[in-house]
Structures are given as C-alpha cells and as structure tokens.
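Nothing here was measured: the structure is a model prediction, and the numbers come from that model. In what follows, residues are counted from 1 in the order of the sequence shown.
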Amino acid sequence: MSALLVDNIGELVTNGVGEGPLGIRRRAAVLIEEGRVAWVGPAAYAPAADRRVDAGGAAVLPGFVDSHAHLVFAGDRAAEFAARMAGEPYTGGGIRTTVGATRAATDDELRATVRRLRGEALRQGTTTIEIKSGYGLNVADEARSLRIAAEFTEDTTFLGAHVVPAEYADRPDDYVGLVCGPMLAAAAPHARWIDVFCERGAFDVDHARAILACGQAVGLGVRLHANQLGPGPGVRLGVELGAASVDHCTHLSDADVDALASTAVDWTSGTSTTTVATLLPGAEFSTRSPYPDARRLLDAGVTVALATDCNPGSSYTSSMPFCIALAVREMRMTPAEAVWAATAGGARALRRDDVGVLTPGARADLVVLDAPSYLHLAYRPGVPLIHQVIRNGVPQ
C-alpha cells in the first residue's frame, strides 16, 4: 500500500481537534493512504511513507468545498456586466440569454466549459464542487446538462426551476407541471439534489414548494435559492422542507434568522438536519447589491457556508479565496469563520462529512499555501497563494 506524507507543515487547519475553531496544529504532518487521511500529528512523530511532500513550513488546509456553482452553460454576459457597472439594476432576466446559447451548444462545447471552469477552481484550491443545471429549461437540455455535470462531480443539482423560459412566459403553471413531470423524470437519474429559484421574477412560494416536494418524492435532497433580490418566504420554506441549504440569504427578517437558527445541531452527534445559510458574496460584488449580514447569522448560531455562485451572469468567478476575502471585508466574518465556511461549512451544505476536514478517515483533499497562515487568504486578496493542491491523495 503506497503512502504519502505531507510533512513540515507550519500551520495545519484540520477543522477537527486542535487549537481554536479551525482545529489548528503547529509543526504538523498528514499521512495519506488510499486517498484518505490515515494519520494527523506532530511532524516529529510522523510515520514512514513511500513518498513525501515537503510543505516548507507553510500553511495547509482542507480543500475548499464550493457548494453552489452553475458551470454548464454556453456564451457569456460580459455586456450585461458592463451595463450593471454603468448603473443598470440586476433583475435576473439575463438567465434567458444564457438559456438560448446553452440550448444551441453541442455536448462537447458544454463539456469544454465545465472542464475549463472546474480546472480553474481546482487550481485555486477547490477540491469539491456542486454543479447545477438550469440553463436548458426543457426536458432534453436539462437532462444532458446533468449528464455532463455528473462527469465532473457527484454533487449535481437539478435546477429546472431557474426561471420560466420564454415559451412558457404566459403559462407558468404549465411549466411547473413540466418540471415536476417529464423534466424531473429525465433529470433525477443524474442528480443528487433539486433546487428552485424562489424569488420575484422566478418562482413563487407555492410553485417552489410543489417542485421541491416532487423532487423529495423521488429521493432528491433539497436546496433553495432564497431571499437574494428582496425579502420573501424562501428561507422559511427551505427550513420547513428540511433543505440542506438555502443560498444567497441577502434580505432576511428576524423570523428568517430564527428559523435557520432553530435547525442548528451539534454536528458531532451524528447526521444533521441543519439548514445551512450559504452566502455568495461574488454575486453581490458583481451586481453592486447589498452583501448578506453574515455577522447577524453567526451571532444567532446559524451554520454558514461560502460558495462562488460561479455563473456567466451574476458571479463569474471560480475563486473561493476571493470569496473568503470578500466575506471578511464586506460581511463582517473573521478570517477563521470565513475559512471554516469555505471548507467545513460547504461540506455541511452538501451534507457530507468526508470533505472539508483533515481528520483520519476523511478524503485526502489538501491545499498547501504559499503563505505561513490561513490568515493570508484574506490579508492578501487577489494574490495567487495556492502553492499545491492534493485531491483524493493525488498531487494535482
């Protein structure tokens, strides 16, 4: 059995047992066997291994877990971005532009886009990523989007309820019927999750509840876009349905925060029913919108994750380090809270316990920084600090 030792680690973030909320260990080493963490401890007592990676005294942390991304699409919306920067408001209407380009693209063209963006994310330390459909909005294109997404991740999400496509603009009830019927039947074999954009201009709470209930009935887990563009019932619907995550959470009432906080449990006790608040600061950056108040959520005891929302319209970034820096600067998170949210928090949002941590038995996904501490991810924004990525125990 081949073993790999990552040695001479100055600061190791484990998100487990150790110093502070990140479980930090100093002068540490990690032993990897068969793609899993086999041992974590002081470098002076490290077991023998067949191969060795010398971290050079730098910081090592779990690979980032990006729990919200839209990578299956064609075309771009750079002109829309420029218009927003010139003062036009963001309404979500540009999604239909991407739908037209995506429907017209070949499988190979869509696959090439996913491969390119997945590669970008990996080079920036993202070792686990969720990928949604949502730019096909018909039976054939939603199913093929998920088939392609499944080539790159096990966390695929059916988002046929992204917006109502143009051909159903005057018949939203008929489109909901299509999503719940033939579209779901075609998509479900390739999906782990179902999602709905519950927002003005997209789907109201009744339609969202019906669609998510249909997904649950065929075994899909629930996720939800909620409260991005304004106040609404989406967050409380997500809690009601036991969603793993409600994403955006920009405009929250006290009742929304209380509902999210009411789901928090001790993750060490076993399987959790926590509904995570996944915050997507890249979207606020790219739309000049108010940022979510992460401090309010954290102080209430809500479990928070960070993700990129990588998509061609409202957040065309694949960089989790960028989102960490935004969260610290704009959302009042501490660097430790932001790093936890981008690693263990993302894992919670995907209801996974094998990623986002560096503890024995976890998947061996590690990031070696070109820096002495995780603090530099926020301290040095925009600087390429990812020195090396190890995924499934394999240096990339």
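- Formation of a donor-acceptor pair under 3.5 Å by the D108 side chain with backbone atoms of T106 is not found in this model.
- The backbone N or O of L350 sits less than 3.5 Å from a side-chain atom of R192, completing a donor-acceptor pair.
- Using a distance-only test at 3.5 Å, with no hydrogens or angles considered, a donor-acceptor pair links the side chain of R103 to the main chain of G136.
- At a threshold of 4.5 Å between side-chain heavy atoms, the hydrophobic network of Ile, Leu, Val, Met, Phe, Trp and Tyr places V37 and I24 in two separate groups.
- Counting only heavy atoms from C-beta outward, the side chains of D254 and R296 approach each other to under 4.5 Å.
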- Mind running side chain to side chain contact (heavy atoms under 4.5 Å, CB included) on T128 and D365 for me, showing each step along the way? CA-CA 9 Å; T128 301; D365 293 347; 3.9 Å; yes
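- Side-chain atoms of R288 come within 3.5 Å of backbone atoms of M85 as a donor-acceptor pair (strictly under, hydrogens ignored).
- E199 places a side-chain N or O within donor-acceptor distance of the main-chain N or O of Q228, the cut-off being under 3.5 Å.
- A continuous path of Ile, Leu, Val, Met, Phe, Trp and Tyr side chains, each step under 4.5 Å between heavy atoms, connects L297 with I324, placing both in one hydrophobic cluster.
- With S145 contributing its side chain and D141 its backbone, the two residues share a donor-acceptor pair below 3.5 Å.
- Remark: H376 pairs with Y379 by the ring pair (Phe, Tyr, Trp, His ring centres under 6.0 Å) rule, at least two apart or across chains.
- For the residue pair D247 / S245, a side-chain donor-acceptor distance below 3.5 Å is found, with atom types taken as modelled.
- The structure places CZ of R391 at 7.0 Å from OG1 of T127, a figure rounded to the nearest 0.5 Å.
- Counting non-hydrogen atoms of other residues, nucleotides and ligands closer than 6.0 Å to CZ of R380 gives a total of 12 or fewer.
- A side-chain contact (heavy atoms from CB on, under 4.5 Å) with V246 is found for one member of T278, L260, D256 and no other, namely L260.
- The two residues L71 and V114 make their nearest non-hydrogen contact at O-CG2, 3.4 Å.
- Judged purely by distance below 3.5 Å, without hydrogens or angles, the side chains of T98 and R77 pair a donor atom with an acceptor atom.
- Within the 4.5 Å cutoff, the side chain of M331 has heavy atoms near those of the P281 side chain.
- Under the 3.5 Å distance criterion, the side-chain polar atoms of Q396 are matched with a main-chain donor or acceptor of V394.
- We find the CZ-OG distance between F158 and S133 to be 6.0 Å, quoted to the nearest 0.5 Å.
- Residues L358 and V13 form no side-chain contact, since every pair of their non-hydrogen atoms from C-beta on lies 4.5 Å or further apart.
- Both tests hold for R171 against Y168: distance to the six-membered ring centre under 6.0 Å, angle to the ring axis within 45°.
- The shortest distance between side-chain heavy atoms of R123 and V389 does not fall below 4.5 Å.
- More than 12 heavy atoms of other residues, nucleotides or ligands shown are found within 6.0 angstrom of CZ on R26.
- Atoms CD1 and CG, on I129 and D66 in that order, are 4.5 Å from each other to the nearest 0.5 Å.
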- Y175/M183 under side chain to side chain contact (heavy atoms under 4.5 Å, CB included): CA gap, chis, key distance, verdict: CA-CA 10 Å; Y175 184 68; M183 195 182 291; 3.6 Å; yes
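- Between F197 and H248, the two ring planes are tilted [angle within 30° to 60°].
- Note that CG of L220 and CD1 of I211 are 13.0 Å apart. Values are rounded to the nearest 0.5 Å.
- Under the 4.0 Å criterion applied to side-chain N and carboxylate O atoms, R84 and E80 are assigned as salt-bridge partners.
- Between R352 and E130, no side-chain nitrogen of the basic residue sits less than 4.0 Å from a carboxylate oxygen of the acidic one, so the salt-bridge criterion is not met.
- Nearest heavy atoms, P372 versus E11: O-CB, 3.7 Å.
- Sparse packing is recorded around CZ of F285, with 12 or fewer heavy atoms of other residues, nucleotides or ligands lying under 6.0 Å away.
- Taking the side chain as every heavy atom from C-beta outward, L110 and R144 approach each other to under 4.5 Å.
- With N227 contributing its side chain and V235 its backbone, the two residues share a donor-acceptor pair below 3.5 Å.
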- Task: Quick one: do L117 and Y316 satisfy side chain to side chain contact (heavy atoms under 4.5 Å, CB included)? Show the steps, please.
- Result: CA-CA 10 Å; L117 294 172; Y316 203 6; 4.0 Å; yes
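- L122 is not connected to V53 by any chain of hydrophobic side-chain contacts under 4.5 Å among Ile, Leu, Val, Met, Phe, Trp and Tyr, and they are in different clusters.
- Between the side chains of H162 and D195, no donor N or O sits under 3.5 Å from an acceptor N or O.
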- Task: Would you please test V164 and F203 for side chain to side chain contact (heavy atoms under 4.5 Å, CB included) and show each step?
- Result: CA-CA 8 Å; V164 177; F203 294 86; 3.8 Å; yes
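- Here the side chains of T14 and R25 are in contact, with some heavy-atom distance below 4.5 Å.
- For the residue pair L5 and P47, the shortest heavy atom distance occurs at CD2-O, 3.9 Å.
- In the hydrophobic cluster analysis, where Ile, Leu, Val, Met, Phe, Trp and Tyr join through side-chain heavy atoms closer than 4.5 angstrom, V139 is grouped together with V176.
- For the residue pair H68/H225, the side-chain donor-acceptor check at 3.5 Å is satisfied.
- Looking at every heavy atom in both residues, T250 comes nearest to P290 through CG2-O, 3.1 Å.
- Heavy-atom minimum distance, V302 versus A277: CG1-CB, 3.9 Å.
- With a 4.5 Å cut-off on side-chain heavy atoms, V179 and H207 do not count as touching.
- A salt bridge between R351 and D155 is absent, with no side-chain N of the basic residue lying under 4.0 Å from a carboxylate O of the acidic one.
- Side chain of R223 to backbone of G238: no donor-acceptor contact under 3.5 angstrom is found.
- One hydrophobic cluster, built from ILVMFWY side chains closer than 4.5 Å, cannot hold both L377 and V328; they sit in different ones.
- Atom-to-atom distance recorded for R116:CZ and R111:CZ is 15.5 Å, nearest 0.5 angstrom.
- Using a 4.5 Å heavy-atom threshold, the side chains of V276 and V304 count as separate.
- Under a 3.5 Å cut-off, the side chain of Q216 and the backbone N or O of L241 do form a donor-acceptor pair.
- Annotation for G75 and P312: closest pair O-CB, 4.4 Å, computed over non-hydrogen atoms.
- To the nearest 0.5 Å, atoms CZ (F64) and OG (S319) are separated by 8.0 Å.
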